[in-house]
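One structure below.
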Amino acid sequence: RMVVMRGGVRKLEQLISQWHFLMECAPASASAARPVDLRDEQLILHQLGELIFAPLELEGPLPRVLIVPDGRMFAVPWQAVTRQGRPLCETTQVVIAPSIRHYDAAQQKRVEAITARLFIGPHDGLPHLRDEVKAVRRSLESFAVTVCDPCTRADWPSDDAVKVWHYVGH
């Protein structure tokens with residue numbers, strides 16, 4: 001389904017700019033994430049979800065969402081964008097690709113790995129981190145998963161033994 005919204009691009013650009021400001025400028029003004037910044041980030045991620053998903057009038061849960069971000073939208077934590085009041089990662093497999101062509105090519109490949117590592121770094125101020133960890137573990141249920149919590153740089157793979165690894169945290 002496609003919906004054209006008057007002023008939609010401008011509103012999207014404003015929200016992305018606000019989110020980038022919080023990520024890049026606000027931390028310089030304090031030594032740790034401030035509750036007000038975290039609330040502002042959650043509000044922006046909620047508004048992004050409303051802007052993108054509400055006009056599509058999609059009913060019920062979405063098993064998978066493919067996002068092909070452009071420019072500054074690549075940095076947005078799409079798993080944390082809310083739909084129907086919940087972060088996408090709680091209900092939906094979020095797939096991010098640089099283009100439809102890359103996504104299609106990746107679908108033709110099959111991972112031969114049987115092991116995966118999940119690295120959990122510092123996560124103060126990331127209220128949905130555990131939800132992301134659960135979602136990643138669900139997506140890797142056919143793999144032998146090693147969780148490094150907390151992780152250090154020494155935990156990161158240095159050889160090709162681990163084909164799939166995921167980092168969550170700051």
Side-chain angles (χ1 to χ4, degrees), residues 1-103 106 118-140 148-151 153 156 164-170:
R1 183 178 294 176
M2 184 174 121
V3 176
V4 177
M5 297 173 48
R6 283 196 181 277
V9 171
R10 185 177 48 71
K11 180 64 176 169
L12 181 62
E13 288 173 349
Q14 287 174 339
L15 289 170
I16 298 296
S17 291
Q18 290 171 2
W19 183 82
H20 273 276
F21 172 80
L22 284 173
M23 296 301 105
E24 297 168 5
C25 300
S29 64
S31 60
R34 301 176 314 170
V36 66
D37 292 335
L38 297 175
R39 283 192 304 272
D40 287 348
E41 180 182 13
Q42 289 173 346
L43 178 61
I44 291 168
L45 294 174
H46 171 75
Q47 290 172 336
L48 272 171
E50 287 294 311
L51 180 68
I52 293 167
F53 294 109
L56 297 175
E57 299 175 353
L58 302 169
E59 299 287 326
L62 303 175
R64 178 183 295 172
V65 170
L66 171 63
I67 298 173
V68 182
D70 185 45
R72 296 177 70 201
M73 294 189 333
F74 266 104
V76 172
W78 292 102
Q79 293 83 352
V81 169
T82 59
R83 178 177 177 267
Q84 298 176 337
R86 298 173 63 191
L88 278 177
C89 69
E90 288 184 8
T91 60
T92 304
Q93 178 187 11
V94 179
V95 179
I96 300 170
S99 71
I100 296 293
R101 183 178 60 83
H102 285 91
Y103 172 75
L118 178 57
F119 302 95
I120 302 174
H123 53 274
D124 56 305
L126 299 176
H128 299 291
L129 178 124
R130 294 293 166 196
D131 297 328
E132 180 179 348
V133 169
K134 287 178 192 172
V136 169
R137 290 200 74 164
R138 276 194 311 270
S139 71
L140 296 173
C148 301
D149 181 12
C151 78
R153 179 73 181 195
W156 292 17
V164 179
W165 57 293
H166 183 87
Y167 178 86
V168 293
H170 290 293

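Atoms considered below: every heavy atom in the structure, side chains included; atoms not considered: hydrogens, waters and symmetry mates. All figures in this text were calculated on a predicted structure; none of them were measured in a lab.
From Leu45, atom CG reaches atom CG of Asp40 across 11.0 Å, with rounding to the nearest 0.5 Å. Of the inter-residue distances, the one linking His20 atom NE2 with Met73 atom CE reads 9.5 Å to the nearest 0.5 angstrom. Separation of atoms CG (Leu51) and CD1 (Ile44) is listed at 12.5 Å; rounding is to 0.5 Å. Atom CZ in Arg86 sits 10.5 Å away from atom NE2 in His128 (nearest 0.5 Å). Atom CG of Leu22 sits about 11.0 Å away from atom CD of Gln42, to the nearest 0.5 Å. Here CD1 of Ile52 is found 7.0 Å from CD1 of Ile67. Values are rounded to the nearest 0.5 Å.
The minimum heavy-atom distance linking Val68 with Ser99 is given by the pair CG1-CA, 3.7 Å. Among all heavy-atom pairs drawn from Cys89 and Ala135, the shortest one is O-CB, 3.4 Å.
The closest side-chain heavy-atom distance from His46 to Val81 is not below 4.5 Å. Looking at heavy atoms from C-beta onward, Arg39 lies out of side-chain contact with Leu43 at the 4.5 angstrom threshold. By the 4.5 Å heavy-atom criterion applied to side chains, Gln79 and Leu88 are not counted as neighbours. In this structure the side chain of Pro98 never reaches within 4.5 angstrom of the side chain of Tyr103, judged on heavy atoms. Taking 4.5 Å as the limit, some side-chain heavy atom of Val76 sits within range of a side-chain heavy atom of Ile16.
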